[in-house]
Structure formats: C-alpha cells, structure tokens
J.: 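One structure coming up, written as structure tokens, with questions to follow.
Residue numbers begin at 1 in each chain, while the letters A, B, ... track the order of the sequences.
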Amino acid sequence: MSEEKSLNFIEEIISQDLAAGKYASILTRFPPEPNGYLHIGHAKSICLNFGLAKRFGGATNLRFDDTNPTKEETEYVDSIKADVKWLGFDWIKECYASDYFDQLYAFALQLIEKGLAYVDDSSAEEIALQKGTPTVPGTGNAFRNRSIEENKALFEAMKAGAFEDGDKVLRAKIDLASPNMHMRDPLLYRIKKAHHHRTGDAWCIYPMYDFAHGQSDSIEHITHSVCTLEFIPHRALYDWCIEQLGIFPSHQYEFARLNMTYTIMSKRKLLQLVQEEHVQSWDDPRMPTISGMRRRGYTPESIRDFCERIGIAKRENIIDFSLLEFCVREHLNKIAQRRMVVTNPVKLVITNYDKVEEILHSENNPEDPEGGVRDVPFSNELWIERADFMEEPTKKYFRLGPDLMVRLKSAYIIKCDSFEKDAAGNVQTIHASYFPESKSGSDTSGIHVKGTLHWVSAKHAVPVVLNEYDRLFNVEDVAGAEGDFKDYINPNSLTTTNAWAEPALVNDSLDARFQFIRKGYFYQDTTSTKDKLVFNRTVTLKDAWAKEQKK
RNA sequence: UGCCUGAUGGUGUAACGGUAGCACAACUGUUUUUGGUGCAGUUUGUCUAGGUUCGAAUCCUGGUCAGGCAACCA
C-alpha cells in the first residue's frame with residue numbers, strides 16, 4: 001500500500017471508523033440479484049467491496065439478493081460465482097437473502113406488533129395514487145388504521161396462501177407526507193405465488209428490496225454496505241428499519257456507478273440484446289459482461305487495473321473506452337506470445353532462394369528476456385499482407401513496392417523486383433530477391449530498411465478464423481442518446497475472416513494470450529478446436545500509420 | 001412547486017484554507033527487426049456572482065446547470 005495514494009471517500013470513512021474503534025474489523029458484501037450476467041459495472045463494485053476488505057484487513061460476503069422469484073435463476077447464480085472467482089476474489093461466506101426469509105418474516109411481525117406496519121388491500125394503482133407526488137403529500141386510507149391484531153391475522157393469512165397475487169400487501173406505517181417518497185408507507189411484502197429457485201414453493205409472500213437488503217446486511221453484521229447513487233433515497237428507510245427493529249446497525253454508503261462510452265451497462269438492455277439476437281449470447285465477446293470480456297481475451301488483471309484507475313466518487317461519470325483498452329494492452333504486451341498471421345494474403349515469391357526451406361527462430365516476446373524463441377519455417381513462397389504492398393507508394397510508406405526493400409520479420413531483407421496482376425487488376429504475385437547475408441541475428445549486409453513485415457510460409461501455413469470486433473454502438477453516450485438505444489447498434493461490430501497462420505499456433509495452449517504481430521492481441525475462442533482454430537481479437541495494437549493515413 | 005446528490009482540462013480522478021497534480025486521450029520528438037513497446041516533451045481545467053481570509057477548488061450566501069426521487073423491480 002503506497003502512502004502516496006490518496007484515499008477515496010469510502011476508504012476515508014472506513015479508516016476513520018477503524019481509528020475511532022467503531023469496529024474491530026470491517027465486513028463488506030457484494031449483493032447481486034441473480035437475474036442476469038455480471039458486467040464491467042459490477043466489476044467496479046466487486047473490486048471496490050473486496051478491495052476495501054483486503055485493504056483494511058476485513059472480509060467480504062457474496063450475497064444473492066434473491067427476493068423476486070419471477071426474475072431469478074440458478075443459471076445466473078452459477079455464472080456470478082464463476083465471474084467473481086475469475087476476477088480473482090474470494091468471499092468468506094456465500095449468502096442468500098432467501099436464507100433469511102424466516103427471520104425477515106419475524107421482523108415484519110415485530111413491526112406489526114409495534115403498530116409500525118399494516119396490511120393494505122388497495123390495488124397497486126390506488127396505492128400509487130394515494131402516495132401523492134413529490135410536491136403533493138400522500139393521503140391515507142382506512143386500511144392504515146387496522147388494529148394490530150387484525151394486521152397480524154391478515155399477514156399470517158397472506159403467508160398461509162389465503163389470498164391471491166395483488167390482493168394485499170404489507171406496508172410500513174411511516175409518513176405519507178414525507179418529502180422522501182420512499183418513506184410514504186413503503187411496501188414491505190407482496191404476494192407472489194411463484195416458484196423460487198432456492199426455496200421452491202415454501203413461500204408465497206416475498207419481502208421487497210427495502211425490507212430485505214438492510215436487514216440482510218444487519219444479520220450478517222456488514223459494517224459498510226456500499227451501493228450505487230440511486231439508492232440514496234432508500235437510506236432513510238434502511239436506517240428506519242434497523243432502528244425500529246433494534247438490530248445491528250449496518251450503514252449504507254453510495255458511489256457513482258460506472259458508465260462507459262460506446263456501450264451500455266443496463267442489465268435489462270443487455271438482456272434485450274441477447275433475446276433479440278443482436279449478439280449471440282451473454283458471453284458474446286462484444287458484450288460488456290465479465291463473461292464476454294473473458295471470452296474476448298481480457299485478463300482479470302487488466303480489469304482490476306481498470307477498476308483501480310477509474311476511481312470512486314459520487315459524481316456521474318462516463319469513462320473513455322480507450323482507458324480499458326489501454327489497461328488490457330499494457331498487460332497483454334507483457335505476457336502475450338508473438339505469432340505471425342496474415343489475414344488478407346498476397347503471394348510473395350523469393351526468386352533467388354535456392355533452398356527448399358529452412359527453420360528460422362523468432363522471439364516469443366521481446367518484453368520478456370526469458371520468453372525464448374520458437375521455430376518458424378521459411379521457404380521461397382510466402383504470404384504477406386495485401387496492405388503491405390503498394391503499386392505506387394506514397395512518401396511516408398515504409399513497406400513494399402516496386403524496387404523497395406523491407407525486412408521480413410526474423411528473416412531476411414528483400415527487394416521487390418516485379419509483380420503480376422490478375423485480369424481484374426489486383427496484384428496477384430510479387431517477385432522479390434533476398435539478401436542471404438541479411439539474415440536476422442547475423443546481418444552483415446549493412447542494408448538499413450524502415451519497414452518490417454510479418455509473413456507466413458505458404459506451404460507451412462495453417463488456416464485460422466479470426467473474429468475481429470469493433471465497438472457495439474456507434475455513439476459515445478448510448479444511454480444518453482435520444483430515442484431507442486438499439487438504433488445506435490453498430491452493424492459492423494463483428495468481422496470474421498479466414499487467415500494464414502504460422503504452424504506454431506497449432507500446438508499452443510488454449511489459454512495462451514497472443515499478439516499477432518502488427519495486428520493485435522488475440523485469444524482462442526471457446527469454440528476453437530485443433531481442426532478449426534478460431535481466435536477473437538481482444539484489442540488492436542495502436543496504429544500510428546492508420547492515424548497518419550487519416551490525415 | 002418539494003426533497004436528495006453532484007459540479008476541477010476532451011474523459012476520469014487528486015489537492016482536507018497555503019505551488020491546481022496524476023492517468024487516459026490528443027499532439028511533438030526519440031529509440032526500435034512490430035508504424036507495437038519504451039523514453040522525453042507539449043496542449044488543455046477549478047460552473048457563476050458576491051462574501052470571509054494575508055491567502056479559497058476548498059469555508060459562507062445567492063444563482064445556474066446536470067442527475068436522481070412516486071415500479072406489488074433490485
């Protein structure tokens with residue numbers, strides 16, 4: 001822990017609490033509802049909650065906020081656990097709000113007995129109407145004055161299944177004129193005759209968020225309950241419940257959720273993308289989900305680094321996607337194995353190469369002195385990138401063209417002597433001669449060239465499929481843009497191409513990170529097999545030449 | 001018309017009454033067998049009007065702007 005780094009406002013609070021002796025140690029929690037897959041916004045919360053505990057010597061619970069059976073599934077529980085683990089965090093306890101249903105029910109009874117809760121027979125519409133508006137106080141109804149005995153009997157009957165969905169609700173009796181809408185007799189329990197993924201059909205009444213979350217925190221003795229800004233108005237109710245029940249005083253603190261350019265962070269909208277098949281699945285590499293990012297090739301380290309860099313504050317924010325890309329490039333640059341892959345090939349024939357073939361050696365990672373080298377076969381017929389040849393080169397073009405010289409990476413310097421075109425006028429074959437004394441590592445040619453090209457020996461090349469991704473949306477602020485967010489979907493977010501790769505890739509591990517030289521960072525897709533290698537582009541390399549060309 | 005948050009370069013985030021710093025982005029230059037990486041550097045900022053103070057991004061008052069608050073969702 002560096003003393004240089006300043007504390008964010010939550011760390012500030014915790015260190016003060018600890019210094020004041022308010023707690024012996026801290027306990028945080030990460031409380032997802034298992035109704036979808038985790039996304040990068042959750043990663044921010046995960047890194048915060050687990051990071052806080054780690055930093056201050058505490059622990060973190062993983063708690064599933066499963067109080068709405070109609071939206072939640074075990075599939076989501078499993079994916080959430082896998083994602084948190086993959087990110088590199090361990091919870092001390094795995095908890096479920098549904099484990100507290102008995103206790104929560106008892107709490108509700110306590111409130112009824114204190115005259116602080118009542119059963120209301122009104123419809124949802126009537127209740128909404130009676131709540132008034134932010135500027136007009138709400139009005140009560142006759143149900144508000146039911147006796148404690150009647151409320152108790154009615155609530156017990158609710159639990160016993162005597163009523164149907166929507167017939168009755170349990171509400172707290174607080175203040176119908178409160179300037180805080182959430183204090184205007186909020187709903188505590190509703191009837192839902194639905195199957196719960198964990199409690200099955202044991203219950204037909206389920207607590208609302210406001211009656212489950214704070215109490216769950218309290219039951220677990222969470223010291224610092226950290227959530228996002230939209231829960232600020234709920235805090236008064238959170239505190240009210242804890243106070244009236246006289247239970248462990250957990251405290252809620254709020255920070256601004258993550259927003260990022262060119263993507264969305266709403267579970268509802270992400271679900272829509274999946275259901276309407278704008279993407280293939282929750283773990284589609286274009287999705288901002290943890291599982292999508294994992295499949296795309298992001299490393300947990302880079303995501304943690306990103307979450308560290310964006311900081312924690314209370315103001316709304318929208319983070320440049322390029323910061324995430326910076327983080328993943330920085331990590332991958334250090335660990336990725338370099339390989340050569342040609343995507344849009346054109347044939348290069350070395351006319352004066354009189355050997356059949358030879359094995360050259362190329363470093364696996366110039367950033368890693370221990371990284372070693374690999375064998376790369378070389379022969380007189382190679383594939384190079386079509387974009388690396390220009391019939392009439394411009395001034396700053398450092399690649400191949402008539403009479404121009406370049407180095408073939410880890411091989412020889414060559415000079416273009418001639419080229420052939422097909423009937424359509426496309427360059428088909430390039431003829432070049434090589435300088436035997438310019439061999440990499442033992443170059444005595446004295447020739448200096450500006451450009452170095454990647455290449456693949458044609459007869460040794462193996463076919464691979466590349467999935468190259470672009471941003472999912474074509475506006476920066478998708479959530480803030482007018483109209484339907486789906487109008488801004490980038491129709492070209494996925495490009496799949498066939499390419500030629502050097503043979504080493506066939507024997508590489510499925511989990512290895514690659515940099516295809518001059519192309520970008522790639523990671524094998526979950527569908528990849530030895531017979532059909534499929535790679536996903538995690539992120540491109542920075543491309544100064546592309547920028548230059550745009551000018 | 002109410003209540004609650006917040007406002008520092010293009011984007012984030014620090015500075016806790018005492019030199020507005022850091023990162024990303026952008027732009028130079030340099031190194032380089034990846035137009036990658038590395039290295040050096042440049043540009044750009046305290047919402048506004050008053051007040052307190054020797055001194056204000058920071059404290060006070062008014063204003064402006066942005067976001068949130070009424071779901072039998074979390």
Side-chain angles (χ1 to χ4, degrees), chain A residues 4-8 12 31-33 35 65-68 70-72 120 122-124 127-129 131-138 165-171 178-182 184 187-192 205-206 208-210 212-213 227 229-236 254 256 261 267-268 309-327 329-330 333-334 338 340 362-363 366-367 396-399 406-411 413 438 440-441 443 448-454 476 515-520 540-549:
Chain A
E4 299 287 311
K5 184 135 182 8
S6 54
L7 303 179
N8 65 48
E12 199 92 49
E33 181 188 14
N35 66 343
D65 231 337
D66 54 350
T67 57
N68 186 356
T70 58
K71 288 189 175 172
E72 297 150 5
D120 192 331
S122 309
S123 69
I127 289 176
L129 218 58
K131 275 194 183 178
T133 70
T135 51
V136 178
D165 290 16
D167 282 355
K168 288 179 166 47
V169 292
L170 183 74
R171 297 177 71 178
S178 171
N180 181 346
M181 295 298 291
H182 290 274
R184 321 250 265 224
L187 270 65
L188 268 23
Y189 267 90
R190 78 288 215 189
I191 301 169
K192 260 184 202 268
I205 56 169
Y206 291 92
M208 299 289 290
Y209 167 86
D210 286 308
H213 202 98
C227 62
L229 255 28
E230 65 269 28
F231 291 98
I232 289 178
H234 294 253
R235 191 175 59 229
E254 311 86 8
T261 56
K267 263 194 209 172
R268 201 193 87 244
R309 286 169 185 267
I310 57 179
I312 299 294
K314 295 189 84 150
R315 67 186 92 104
E316 307 278 346
N317 59 79
I318 182 159
I319 309 284
D320 279 341
F321 201 85
S322 56
L323 180 61
L324 216 208
E325 294 190 324
F326 167 82
C327 292
R329 281 194 192 106
E330 187 176 58
N333 177 48
K334 293 195 188 90
R338 309 297 133 120
M340 293 198 282
S362 191
E363 55 196 345
E367 303 294 317
K396 289 181 178 170
Y397 192 76
F398 304 152
R399 309 178 186 180
V406 295
R407 171 171 294 279
L408 295 175
K409 174 73 182 171
S410 301
I413 292 175
S438 69
S440 273
D443 185 352
H448 292 284
V449 293
K450 288 204 100 167
T452 300
L453 309 186
H454 62 281
E476 274 200 10
Q515 183 197 102
F516 294 165
I517 292 177
R518 300 210 300 143
K519 308 233 56 118
T540 61
L541 254 26
K542 274 207 201 164
D543 192 346
W545 170 240
K547 239 179 220 175
E548 180 69 30
Q549 281 179 307

J.: Under the side chain to side chain donor-acceptor pair (under 3.5 Å) rule, collect the residues that match up with A:N68, sequence neighbours excluded.
T.: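 Residues passing side chain to side chain donor-acceptor pair (under 3.5 Å) with A:N68: A:T70, A:K192.
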
J.: Reading nucleotides 66-74 of chain B from the 5' end, what letters show protein touch, with B for base, S for backbone sugar-phosphate only, - for no heavy atom under 4.0 Å?
T.: -S-SBSBSB

J.: Could you tell me which residues satisfy side chain to side chain contact (heavy atoms under 4.5 Å, CB included) with A:P134, sequence neighbours excluded, listed by chain and number?
T.: A:M181

J.: For A:E230, enumerate each residue passing the side chain to side chain donor-acceptor pair (under 3.5 Å) test, keeping only those at least two apart in sequence or located in another chain.
T.: A:T228, A:R257

J.: List the residues meeting side chain to side chain donor-acceptor pair (under 3.5 Å) with A:K267, not counting sequence neighbours, and say none if there are none.
T.: A:N35

J.: Holding to side chain to side chain donor-acceptor pair (under 3.5 Å), I want the full list of residues that pass it with A:D443, two or more places apart in sequence or in another chain.
T.: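 Once residues adjacent in sequence are excluded, the partners of A:D443 under the side chain to side chain donor-acceptor pair (under 3.5 Å) criterion are A:R407, A:S445.
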
J.: What residues, two or more places apart in sequence or in another chain, satisfy ring pair (Phe, Tyr, Trp, His ring centres under 6.0 Å) together with A:H182?
T.: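 So A:H182 forms a ring pair (Phe, Tyr, Trp, His ring centres under 6.0 Å) with A:H234.
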
J.: Measure all distances between protein nitrogen or oxygen atoms and nitrogen or oxygen atoms of nucleotides 23-26 of chain B, and list the pairs falling under 3.5 Å.
T.:
from, atom 1, to, atom 2, distance (Å)
B:A23, O2', A:R309, NH1, 3.0
B:A26, OP1, A:K547, NZ, 2.7

J.: Tell me, please, which residues at least two apart from A:Y397 pass ring pair (Phe, Tyr, Trp, His ring centres under 6.0 Å).
T.: A:W545

J.: Charged N to carboxylate O below 4.0 Å: is that the case for A:E33 and A:K71?
T.: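 No, this pair does not count.
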
J.: For RNA chain B, whose closest nucleotide is more 5', that of A:K519 or that of A:N8?
T.: A:N8

J.: Quick check: on RNA chain B, is the nucleotide nearest A:R235 upstream (toward 5') of the one nearest A:A544, or the reverse? Name the residue that is more 5'.
T.: A:R235

J.: Once pairs are restricted to Watson-Crick or G-U wobble with both distances under 3.5 Å, how does RNA chain B read as a dot-bracket string, [ ] for crossings and | for other-strand pairs?
T.: .((((((..((((....[..)))).(((((.......)))))....(((((..]....))))))))))).....

J.: Need one value for A:R184: base, sugar-phosphate or nothing, where a base atom within 4.0 Å counts as base even if backbone is also close, heavy atoms only.
T.: nothing

J.: Which pairs, protein N/O on one side and nucleotides 30-32 of chain B N/O on the other, fall under 3.5 Å?
T.:
none

J.: Show each protein N/O and nucleotides 15-20 of chain B N/O combination with a separation under 3.5 Å, one pair to a line.
T.:
from, atom 1, to, atom 2, distance (Å)
B:C16, N4, A:E12, OE1, 2.6

J.: Write down the distance separating the P atoms in B:C54 and B:A14, rounded off to the nearest Å.
T.: 31 Å

